Protein chains: 2
Amino acid sequence: MKNVGIAILLFAGLCCAQESGAFQPASTNVWGAEYPRVDSSGRVQIRVKAPDATKVRLNFWSGPKLDMEKQTDGFWTITTPPLVPGLHYYTFIIDSAEVSDTNSQAFFGGGKYTSMVEVPESGSTYYSIQNVPQGQVREIWYDSKVTGTWRHALVYLPPNYDTQIKVRYPVLYLQHGAGEDETGWIRQGHANFILDNLIAGGNCKPMIIVMAYGYARRAGQVPPDLTGKPFGSPEMMRSMQDMAAAFEDDVTQVLIPYVDSTFRTLSDRDHRAMAGLSMGGMQTFQITLNHLDLFSYIGGFSGAGGMLVLGDRKLDPKTDYNGVFADPAAFAKKVH
Amino acid sequence: MKNVGIAILLFAGLCCAQESGAFQPASTNVWGAEYPRVDSSGRVQIRVKAPDATKVRLNFWSGPKLDMEKQTDGFWTITTPPLVPGLHYYTFIIDSAEVSDTNSQAFFGGGKYTSMVEVPESGSTYYSIQNVPQGQVREIWYDSKVTGTWRHALVYLPPNYDTQIKVRYPVLYLQHGAGEDETGWIRQGHANFILDNLIAGGNCKPMIIVMAYGYARRAGQVPPDLTGKPFGSPEMMRSMQDMAAAFEDDVTQVLIPYVDSTFRTLSDRDHRAMAGLSMGGMQTFQITLNHLDLFSYIGGFSGAGGMLVLGDRKLDPKTDYNGVFADPAAFAKKVH
């Protein structure tokens, strides 16, 4: 045998099919991984090899931690109760170390690359790839004078963008939640497949979606030293406000001009939207309400509207967010 | 405090700056991670929290496993000897479980998402992003009749592809090594930045690069059960040959036509190249030598030329690879 190294790696991907009964390998597994596997009721079987460990727990973020059971072959195994359809984050806790499952693809969540298992939704096709005209996801890198760094973003372009070269498109800026990153709406969320399907069904106008990296620090600013500062301390709040303000400037002063000069956008406020999940919703409210000259559509999914702006006090509609809520009728006219 | 969940995740990214001396956080870390960190001599400091573990080792794939030292705060730490510049794969072995470092970005290698640390090359700029005209990396999904699945690939398009809409480009098919995947040449290899820099310096013709997923199984074929079959067994070799043949058909019958109909390529053999690393080199030799009607440039980097085709016997130039080596002069004329 020549080239043993290559062959070993190839072999790892081929070996070994096992009896799975009603359980099938999850769609979120890496090539060749038999575990995690899921049955039609949503139960998940997971295993991890740790022959010398004394305690291994499965940590599904959507539920309580579960003790895994040690087998004689050095694997720890578990079968979960039925989980609701969808994508579930999980980690292992092996002798107190919280780690990811090397059988799973890695998804950025909780501030790290972690594991997920998809429990399929029976009969559902809206978020999976279908035989319809496809958009494309592109990676862009833009040089931000705000942060002094090159920043990475993903951009979804709708079907036929390359061929209908006279057409310009509205733009949605779509932000991930805290602990996730610019890849989340595509990797976890399948936003590209959902848009392709919505557009094919006539349920959505073709649009460009820009997914930016939601963390930012101004050029030259040193990372804050929050050692010993308790959660919720003024120093911590200021750090979070600094980051949110840096991101606001990055989006409005650098990213939007970059996108409008790179892609065939409709660049007026009537064709620019922003939305986000959780922290991304918070950023959406801060950025859009401070820049109604740039945005006319606003979406917050579990968005934390006033956290950084207001802290513990109530909204003052006359002054907060540049007073955009002082005249509700005028605001309603400005925003779709 | 409202929205404690979001705030905790934000806080995790902010906290806590620490004394680092001459060591700086690696460029391969996730946002906010202080470790791994690297000094100018190439030494790397790494740590992992595992207060209840009894033995933790650092497994740099480029060197021997190193014992880490338990600290009173529950972290295990180590400072490595100087490492050569470049990107180094590593894992932790925590009480016998081999796991990735949640402080590192995740790179697909060894058949799983694993950790890497970049030791910078002093003064080197050729593989980092520079202020030159940029190409873009796009994700494509193509429906393969060979595998019966949607397959994901990355495509690098050179600078100005969107604006110079009359220009057509040569294409390089560039394959990853065993255990890696279609993302490797971009994530680990920075192929996009290297090409941008080469093109800007006039050292390379603008070209399209297609990076495909190198694993394939024919539609309807069940995964082989290699349980109990030793490494190098006929069953294992047949499985590997099956995969290589399925990939060959996928590339030549599906991927190339998809690329030529989706992008502005020069679609004759004189403008199509294939190259690959390790297993990707093996695939390159198999595919190009069997299809000289499609390819005129061939590149193998540590490529395992004959492994699957020849096994343990010597090359027979008269018959192997359709006899392309039977007439060396004729072969040399056909290939650039």
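Given the structure is predicted, the values throughout are model-derived calculations rather than measurements. Here is the naming used below: chain letters follow the sequence lines, and residue numbers restart at 1 for every chain.
In terms of non-hydrogen atom pairs under 4.5 Å with chain A, the most contact-rich of B:G177, B:G135, B:A106 is B:A106. When B:W150, B:Y213, B:Y161 are compared by the number of non-hydrogen pairs under 4.5 Å with chain A, B:W150 comes out ahead. Interface check for chain B: of the options A:N131, A:V48, A:T102, the most heavy-atom pairs under 4.5 Å are formed by A:T102. For the options A:A33, A:S96, A:G74, heavy-atom pairs under 4.5 Å to chain B are most numerous at A:S96. Comparing B:D143, B:D162, B:I94 by heavy-atom pairs within less than 4.5 Å of chain A, the highest count is held by B:D162. Heavy-atom pairs under 4.5 Å with chain B peak, among A:V137, A:V30, A:V99, at A:V137. In terms of heavy-atom pairs under 4.5 angstrom with chain A, the leader among B:K55, B:K112, B:E139 is B:E139.
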Report task. Apply the test ring-ring contact (aromatic ring centres under 6.0 Å, His included) to residues A:W141 and B:F193: give CA-CA distance (whole Å), side-chain angles for both, the deciding distance (0.1 Å), then the verdict. Result -> CA-CA 10 Å; A:W141 288 91; B:F193 301 149; 5.4 Å; yes
Report task. Go through A:R37 and A:Q24 one step at a time and tell me if the side chain to side chain donor-acceptor pair (under 3.5 Å) criterion holds. Result -> CA-CA 5 Å; A:R37 50 194 199 180; A:Q24 296 296 325; over 6 Å; no
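Contact annotation for B:E235: neither backbone nor side-chain heavy atoms come within less than 4.5 Å of a heavy atom of chain A. For B:Q134, the part lying under 4.5 angstrom from a heavy atom of chain A is the side chain only. With a 4.5 Å cut-off on non-hydrogen atoms, B:I93 does not touch chain A at all. Only the side chain of B:I140 has a heavy atom closer than 4.5 Å to any heavy atom of chain A. The contact between B:Q105 and chain A is made by backbone and side chain atoms together, counting heavy-atom distances below 4.5 Å.
A:S128 and A:Q130 share a donor-acceptor pair across their side chains, judged by distance under 3.5 Å alone. At a cut-off of 3.5 Å, with distance as the only test, a side-chain donor of A:Y142 or A:R151 sits close to an acceptor on the other residue.
Among B:Y215, B:Y113, B:F108, the one residue that satisfies the ring pair (Phe, Tyr, Trp, His ring centres under 6.0 Å) test with A:W31 is B:Y215.
Between the side chain of B:H176 and the main chain of B:G214, a donor-acceptor pair closer than 3.5 Å is present. In this structure, A:S115 contributes its side chain and A:D101 its backbone to a donor-acceptor pair below 3.5 Å.
Proximity of A:F263 to A:V155: side-chain heavy atoms (C-beta onward) are separated by under 4.5 Å at one or more points.
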